[in-house]
Amino acid sequence: MNIIYFFVLFAMALCPISCQKRKGNKPCSGPKKENNWLYVNFSVEPPSFDFRKTSCRTTPVLAEMMYEGLMKVGRDGSLIPAQADKVVISPDGLHYTFYLRDTVWSNGTSVTAQDFASAWLENLNPNFPAVYAHLFYCIRNARAAKEGRCPLTDVGIRTEGEKTLIVDLEVPTAYFLCLTTSAWFFPIRLPNEDAKGNLSSGELLSNGPFMLEGWQHAKQICVVKNPRYRCAQEIQLEGIRISLITDENTAAELFEHGDFDLLGLPFSPLPFELAKKLADKNKISPNPIGGVTVCCFNSTRAPFDNPKIRRAFSMAIDRRQLMDVFCPSAYAPAFTLVPSVFLQATGIETIPSRTRAEEIERARRDFEEGLSEKGLDPNTFPKVQLNYHQYKGHTLFQKVAEVIQQDWQDILGVKVELRGFEVHSVIKHMLAKEFDSSLITWSANYQDPMSFLDKFLSPSNPKNYPGWFHPNFNEAIMKANALLDIKKRAECLWQAEKVFQEEAPCAPLFHWSYPLVINPRLKGMHLSPAASIDYTALQIVPHGKNEHRKIVKRSL
């Protein structure tokens, strides 16, 4: 069995779309696979076919099947033009001019600069529920427009003719081209969406490798090759059938039966016990991806409105023990917010030299000082609630929460109540600032450290769950993003990271390096550190189903 190791935001296992009914506890087998079709599963269905409205982990996966932005990340990590033919940047770094290729939508109409401008500007409409509107705030007047302080016509996005898009920035932003590779910068043409439901062929236009054939809510999504895509001749797949099975153990069984082509993130999570079994047999090797799991502290209310108390709780967590308890081939202990895969090129040492005894001593000292500043003592310190998300068949975050609970009780002597919720409820509590501490995972939206740092530039950013802000952090970020020198920029970003560590609005727990198990008939799979898939390289090499099952049994 081929095993390739990838991460992503978002989780999906590949399986046939007809296996929604099962007899007893056993999954049914799907229909015979068609040649040149990829069979996959999303364990989480995108909650909207407008990807701008959701942060669901499978949303960018589906978006990248159907859409393409101005730029894309090449297999070597470099930025290359996509829907743009070329880009001209002014010497001061404030003005970007994109000249578009002569590409078309799946219905044959031209892809225009206005398609990009309209999609971007709609994100900035104060009444539009854009989850990642903050990504656009480097554009002139974008934040002011979103906050209703100026009209959208004042935003630095305009067109000249049909194929020229001009963008004016607030300040030089070194990572702006990286942003345009993100799904949230794709153009989009939508049908009227009054509620999530079913879609049929032709209702959702595409300018990417695939186009929608059908979307049956809670059942299946099917995309077929887009013959009008600019690189259609390089796409060897005829289509992708996506089932929507939420239980990861069922997905794993279906994969074992030969019904899927992939299992693991960013599609459906590989069940923890299976991942650990593979790791124990040395069938998994680390391949870091841009994702981090953190414990957020609510800095807007007691007791976590005190930085020393936050830092004490962060320092008390034994991250190395988390790796012993779980799967060290799938995760690495995190001592930085920015994943190590985005820091390797900087030469910055991210693993501290301190011992566990030194961490415990520092945690207890910070806790005592924080209690004194708050006028509290151990006996009057309130019970702390720790939220985590849970869903059927997936126990990772419950196990993480239990280890953290024990560390906080043993080292700080505090009482901790664990509360498990469905993931959307966890986020709802954090958005409303109705939590003490909470586990959450962030994955890269684009291939740059700012994908993790940008959410803390403003306490009003909906992704800034702790509600934390610090002027020294912002100063370091602003200085970094005005620099085009890679080494000097990295040094400034590291200064921002150090402010973050001292203030501890979140405790980084582990960076992701999750396995993707692949059916031998699928070749050419590649996933970037930002979890983008290169669909031009994928191909199906048919073989017998029994052959797959023999390989699976030998490997699993």
**Request:** Give the intermediate values and the outcome of salt bridge (Lys or Arg N to Asp or Glu O under 4.0 Å) for residues E358 and R365.
**Result:** CA-CA 11 Å; E358 290 171 334; R365 183 173 70 248; over 6 Å; no

**Fill in**
Output for pair (Q539 CD, M525 CE), nearest 0.5 Å, gives 13.5 Å

**Request:** Apply side chain to side chain contact (heavy atoms under 4.5 Å, CB included) to Q495 and V499, showing your working.
**Result:** CA-CA 6 Å; Q495 291 303 313; V499 174; 5.9 Å; no

**Request:** Would you sort out whether S425 and R419 count as a side-chain hydrogen bond (donor to acceptor under 3.5 Å, both in side chains), showing the intermediate values?
**Result:** CA-CA 11 Å; S425 295; R419 301 197 307 170; over 6 Å; no

**Asked** For P47 and C56, which heavy atoms make the closest approach, and how far apart are they?
**Response** CD-CB, 3.5 Å

**Message:** Which residues pass the side chain to side chain donor-acceptor pair (under 3.5 Å) test with S78, not counting sequence neighbours?
**Reply:** D76

**Prompt:** Salt bridge or not for D50 and R52, using N-O below 4.0 Å?
**Reply:** yes

**Prompt:** Aromatic ring centroids of F313 and F304 under 6.0 Å?
**Reply:** yes

**Request:** Evaluate the side-chain proximity of E417 to L386: yes if any heavy-atom separation is below 4.5 Å, no if none is.
**Result:** no

**Request:** Indicate, with yes or no, if the rings of F456 and F469 have centres closer together than 6.0 Å.
**Result:** no

**Asked** For E497 and T336, does a side-chain donor sit closer than 3.5 Å to a side-chain acceptor?
**Response** no

**Message:** Can you classify the ring geometry of Y132 versus H134 as parallel (below 30°), tilted (30 to 60°) or perpendicular (above 60°)?
**Reply:** tilted

**Prompt:** Any side-chain heavy-atom pair from F116 and Q83 closer than 4.5 angstrom?
**Reply:** yes

**SB check D366 R311 (cutoff 4.0 Å)** = yes

**Asked** When you check the side-chain N and O atoms of R310 and S437, is any donor under 3.5 Å from an acceptor?
**Response** no

**Any donor-acceptor N/O pair, E68 side chain to N207 backbone, under 3.5 Å** = no

**Asked** Hey, are E402 and Q406 close enough side-chain-wise for a donor-acceptor pair under 3.5 Å?
**Response** no

**Request:** Output yes when a side-chain donor or acceptor of N464 lies under 3.5 Å from a complementary backbone atom of S458, and no otherwise.
**Result:** yes

**Prompt:** Between E359 and R354, is there a salt bridge with N-O shorter than 4.0 Å?
**Reply:** yes

**Request:** List the steps and the verdict of side chain to side chain contact (heavy atoms under 4.5 Å, CB included) for I80 and M71.
**Result:** CA-CA 6 Å; I80 56 177; M71 306 289 289; 5.8 Å; no

**Message:** Working note: F210 + Y535, criterion ring pair (Phe, Tyr, Trp, His ring centres under 6.0 Å); need CA distance, chi angles, decisive distance, verdict.
**Reply:** CA-CA 9 Å; F210 302 95; Y535 289 103; 5.5 Å; yes

**Asked** Looking only at heavy atoms, which two atoms of F186 and A63 are closest? And how far apart?
**Response** CE1-O, 3.9 Å

**Prompt:** Any idea which heavy atoms bring C506 and P466 closest together, and the distance?
**Reply:** SG-CG, 3.5 Å

**Request:** Can you measure from CZ (F397) to CD1 (I404) and round to the nearest 0.5 angstrom?
**Result:** 10.0 Å

**Message:** Using modelled atom types and a 3.5 Å cut-off, is there a donor and acceptor pairing between side-chain atoms of T58 and backbone atoms of V44?
**Reply:** yes

**Asked** Do we see a donor-acceptor contact under 3.5 Å between the side chains of S43 and T246?
**Response** no

**Fill in**
Nearest heavy-atom approach of W408 to V384 is CZ3-CG1, 4.3 Å

Contacts under 3.5 angstrom, residues 426-436 side chains, donor-acceptor by atom type, not counting sequence neighbours:
unit_1: K433; atom_1: NZ; unit_2: Y465; atom_2: O; d: 3.4
unit_1: D436; atom_1: OD1; unit_2: R301; atom_2: NH2; d: 3.0
unit_1: D436; atom_1: OD2; unit_2: Q385; atom_2: N; d: 3.0

**F297 side chain reached by I309 side chain, heavy atoms, under 4.5 Å** = no

**Request:** Kindly check if the number of other-residue, nucleotide or ligand heavy atoms within 6.0 Å of CD (Q409) is above 12?
**Result:** yes

**Request:** Quick one: do V292 and T441 satisfy side chain to side chain contact (heavy atoms under 4.5 Å, CB included)? Show the steps, please.
**Result:** CA-CA 6 Å; V292 60; T441 293; over 6 Å; no

**Message:** Centre-to-centre under 6.0 Å for F421 and Y388, is that the case here?
**Reply:** no

**Message:** Using a 3.5 Å distance criterion without hydrogens, assess whether the side chain of N474 forms a donor-acceptor pair with backbone atoms of L457.
**Reply:** yes

**Item:** 4.5 Å side-chain heavy-atom contact, S182 and L135
**Value:** yes

**Message:** Nearest 0.5 angstrom please: I245 CD1 to L254 CG, how far?
**Reply:** 5.0 Å

**Item:** Any donor-acceptor N/O pair, Q447 side chain to C178 backbone, under 3.5 Å
**Value:** no

**Donor-acceptor under 3.5 Å (N519 side chain, L522 main chain)** = no

**Asked** Does F500 have its ring centroid less than 6.0 Å away from the ring centroid of W468?
**Response** yes

**Asked** Do the non-hydrogen side-chain atoms of L94 and P172 ever get within less than 4.5 Å of each other?
**Response** yes

**Asked** Given the side-chain rings of Y446 and W184, with only the six-membered ring counted for Trp, is the space between their centroids under 6.0 Å?
**Response** no

**Request:** With rounding to the nearest 0.5 Å, note down the distance linking CD1 in I188 to CD in E122.
**Result:** 8.5 Å

**Message:** Tell me whether the rings of F176 and F185 are parallel (<30°), tilted (30 to 60°) or perpendicular (>60°).
**Reply:** perpendicular

**Message:** Once salt bridge (Lys or Arg N to Asp or Glu O under 4.0 Å) is applied, what residue pairs with a partner in residues 442-458 remain, sequence neighbours excluded?
**Reply:** D448-R489

**Request:** Check whether any side-chain heavy atom of I240 lies under 4.5 Å from a side-chain heavy atom of Y39, and answer yes or no.
**Result:** no

**Request:** With rounding to the nearest 0.5 Å, note down the distance linking OG in S299 to CG in N306.
**Result:** 11.0 Å

**Item:** Gap between atom CE of M66 and atom CD1 of I221 - 0.5 Å precision
**Value:** 9.5 Å

**Side-chain heavy-atom pair E422, Q390 within 4.5 angstrom cut-off** = no

**Request:** Please test L453 against V338 for side chain to side chain contact (heavy atoms under 4.5 Å, CB included), starting from the C-alpha separation and ending with a verdict.
**Result:** CA-CA 7 Å; L453 298 170; V338 177; 3.9 Å; yes

**Prompt:** Is the backbone of N481 close enough, under 3.5 Å, to the side chain of T173 for a donor and an acceptor to pair up by distance?
**Reply:** no

**Prompt:** How close do L337 and P508 get, heavy atom to heavy atom, and via which atoms?
**Reply:** N-CG, 3.8 Å

**Asked** What's the shortest heavy-atom distance between R356 and A316, and which atoms?
**Response** NH2-O, 2.6 Å

**Message:** Check whether R140 reaches the backbone of E170 with its side chain - one donor and one acceptor, N or O, closer than 3.5 Å.
**Reply:** no

**Message:** Is the shortest side-chain heavy-atom distance between F136 and L179 below 4.5 Å?
**Reply:** no

**Message:** Using only atom types and a distance under 3.5 Å, with no angle test, would you say the side chain of K146 pairs donor to acceptor with the backbone of N123?
**Reply:** yes

